[in-house]
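Each remark here refers to the structure printed beneath this line.
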Amino acid sequence: MRLLIGILALLIALPQAARADDANEIDLKLFGEDVVEGWQGCRFSLWQADRDPERDSYAYVLFAPIPDGEALPAWVKIGQDVISVAKQDIGSAETGMLEPVQLYKSTDGDLTVLLEIESQQRSDRGIEIEDARLTFLKNDKFPFPVRVKGLNGCLDDVGDAESLAAEAEPAVPGDGISLSQPVDIDSLDQVPAPILAAIAEQAPECEPQATAGYSTAYTVNDAVTLWQLPCNLYASRGSNVFVLRWTYQPDVATVLMIPQVPGSGEPETAELLEATVDPATATVTSVSLDRGGDCGTFAKFQLEDAPGETIEFRLLEQRSKTDCDGVQSDPAEFPLVYESR
């Protein structure tokens, strides 16, 4: 690591005259809500030292959501492109604070980001970064250093998120909840290991490794995060599995089971076919159609609070059309089989 820092120091010390060529400069951009999409949960965020993300529309240099106690790959913006950079395992500060030197790399290896934290302290929000430097290294470009401040923790002003949650009425009376806006994950490598372990143990027929790995994380509250992962790919459709993870028990994850129509005798399953999530109402719909698309089933579920600081699915309605007559219609208008009351 000392060698790396030494090399960076030499590169950063290049004559300023040599930096005049725009073609060799990294086109670093500041960003705000245009990239973070209103994320109100815990985060690891760095912003330009002379800006304030609560005041300036464009202030962030690096931003990583922390949906369940573990930061996701971070976002940076180069030109018009938002690039995901993953933290490399380079050790621990062993002080309860952040590692003073951290390294991030893009998936393709084209972009490297070095973080050097010079001053940090704890606060009610988490760990406040008072002075740090980010250095961006990109193939065939001059290094680009920027002074930053930051936060590893949770905002103490979550009024906007709470008001949005209050406005999101459950689809039916009961202990309905609302979810944060989704955080999209483009690789299983970015999914915490306890979640994949829970799937392997609790839903062994589910094979996310046989899929493209596109997943989504939703914050339920400060303690719980819901993950939606691809499960299996079939001839004309795919399935998802939903997993809970707890902030204060990061090694624990639980696969949510899907209830069936009461009295049907059908066993619970972990898979939902063609699942679509509505974060505002925390409802999930599932559609299973035949190849012609004119018959099949439609189901709607409510995610709601359950004892033990957890959540579970409740079946709201199920519809089915068994007559494959070639006439296509909205699955949500198929004949009603069951409705929760």
Side-chain angles (χ1 to χ4, degrees), residues 1-36 43-53 55-66 71-95 97-121 127-153 186-187 189-190:
M1 182 56 67
R2 290 181 179 177
L3 176 61
L4 174 60
I5 295 175
I7 293 173
L8 288 174
L10 290 174
L11 290 172
I12 293 170
L14 285 171
Q16 292 297 318
R19 297 171 179 265
D21 185 355
D22 291 343
N24 291 326
E25 292 184 352
I26 296 175
D27 189 17
L28 181 68
K29 299 291 187 182
L30 301 180
F31 59 88
E33 297 301 313
D34 57 321
V35 171
V36 304
R43 78 280 306 280
F44 176 60
S45 55
L46 298 170
W47 53 88
Q48 188 166 291
D50 60 354
R51 288 182 172 254
D52 183 344
R55 182 190 67 231
D56 299 310
S57 298
Y58 303 99
Y60 291 116
V61 180
L62 180 147
F63 190 100
I66 307 179
L72 299 175
W75 302 316
V76 299
K77 189 172 184 180
I78 307 294
Q80 297 301 312
D81 298 324
V82 176
I83 300 172
S84 176
V85 292
K87 184 179 176 182
Q88 307 301 296
D89 185 7
I90 58 173
S92 171
E94 298 181 353
T95 62
M97 303 296 281
L98 299 173
E99 300 97 322
V101 179
Q102 301 180 26
L103 192 66
Y104 294 79
K105 291 186 74 70
S106 60
T107 303
D108 60 10
D110 186 53
L111 177 66
T112 299
V113 183
L114 176 69
L115 169 61
E116 300 168 90
I117 300 176
E118 298 180 8
S119 177
Q120 57 180 311
Q121 67 176 9
I127 297 177
E128 306 273 357
I129 301 169
E130 300 171 318
D131 186 20
R133 179 173 66 180
L134 278 178
T135 301
F136 289 77
L137 296 161
K138 189 173 172 63
N139 292 350
D140 302 323
K141 303 290 184 181
F142 292 130
F144 191 108
V146 57
R147 303 302 301 192
V148 295
K149 297 180 178 181
L151 169 68
N152 185 82
D186 59 12
S187 170
D189 293 339
Q190 301 170 17

Can you name the nearest heavy-atom pair linking Ala59 to Leu30, along with the distance? O-CD2, 3.9 Å
Are side-chain N/O atoms of Glu130 and Gln121 paired as donor and acceptor at under 3.5 Å? yes
Lys77 versus Asp34, closest heavy-atom pair with distance: NZ-OD2, 3.6 Å
Would Glu116 and Arg147 pass as an ion pair if we require N to O under 4.0 Å? no
Reported CD-to-CG distance for the pair Glu128 and Leu151, which is rounded to 0.5 angstrom: 5.0 Å
Tell me every residue that passes side-chain contact (heavy atoms from CB on, under 4.5 Å) with Thr107, counting only those two or more places apart in sequence or in another chain. none
Below 4.5 Å, heavy atoms only, C-beta onward: do Phe63 and Phe31 meet side chain to side chain? yes
Measure the shortest side-chain to side-chain distance between Phe44 and Leu115 over non-hydrogen atoms and say whether it is less than 4.5 angstrom. yes
Measure the acute angle between the ring planes of Trp47 and Tyr60, then classify it against the limits of 30° and 60° as parallel, tilted or perpendicular. perpendicular
Under the 3.5 angstrom rule, does the side chain of Gln120 hit a backbone N or O of Leu98 as a donor-acceptor pair? yes
Can you tell me how far CZ of Phe142 sits from CG of Leu137, rounded to the nearest 0.5 angstrom? 12.5 Å
Kindly give the heavy-atom pair with the smallest separation between Gly79 and Lys29, and that separation in Å. O-CG, 3.3 Å
Leu28 vs Val61 side-chain heavy atoms within contact, under 4.5 Å: yes
With sequence neighbours left out, write down each residue that passes side-chain contact (heavy atoms from CB on, under 4.5 Å) with Lys138, or none if nothing qualifies. Ile26, Asp110, Leu111, Lys141
Quick one, Leu134 and Leu46 - any side-chain contact, counting heavy atoms below 4.5 Å? yes
Within a strict 4.5 Å, meaning less than it, do heavy atoms of the Trp75 and Pro65 side chains meet? yes
Flag if over 12 foreign heavy atoms under 6.0 Å of CG, Asn139: yes
Just by modelled atom types, is the Ala86 backbone N or O under 3.5 Å from a matching donor or acceptor in the Gln88 side chain? yes
Has Asp189 got a side-chain atom pairing as donor or acceptor with Ser187's backbone, closer than 3.5 angstrom? no
Kindly write out the residues that satisfy salt bridge (Lys or Arg N to Asp or Glu O under 4.0 Å) with Lys149, not counting sequence neighbours, or none if the list is empty. none
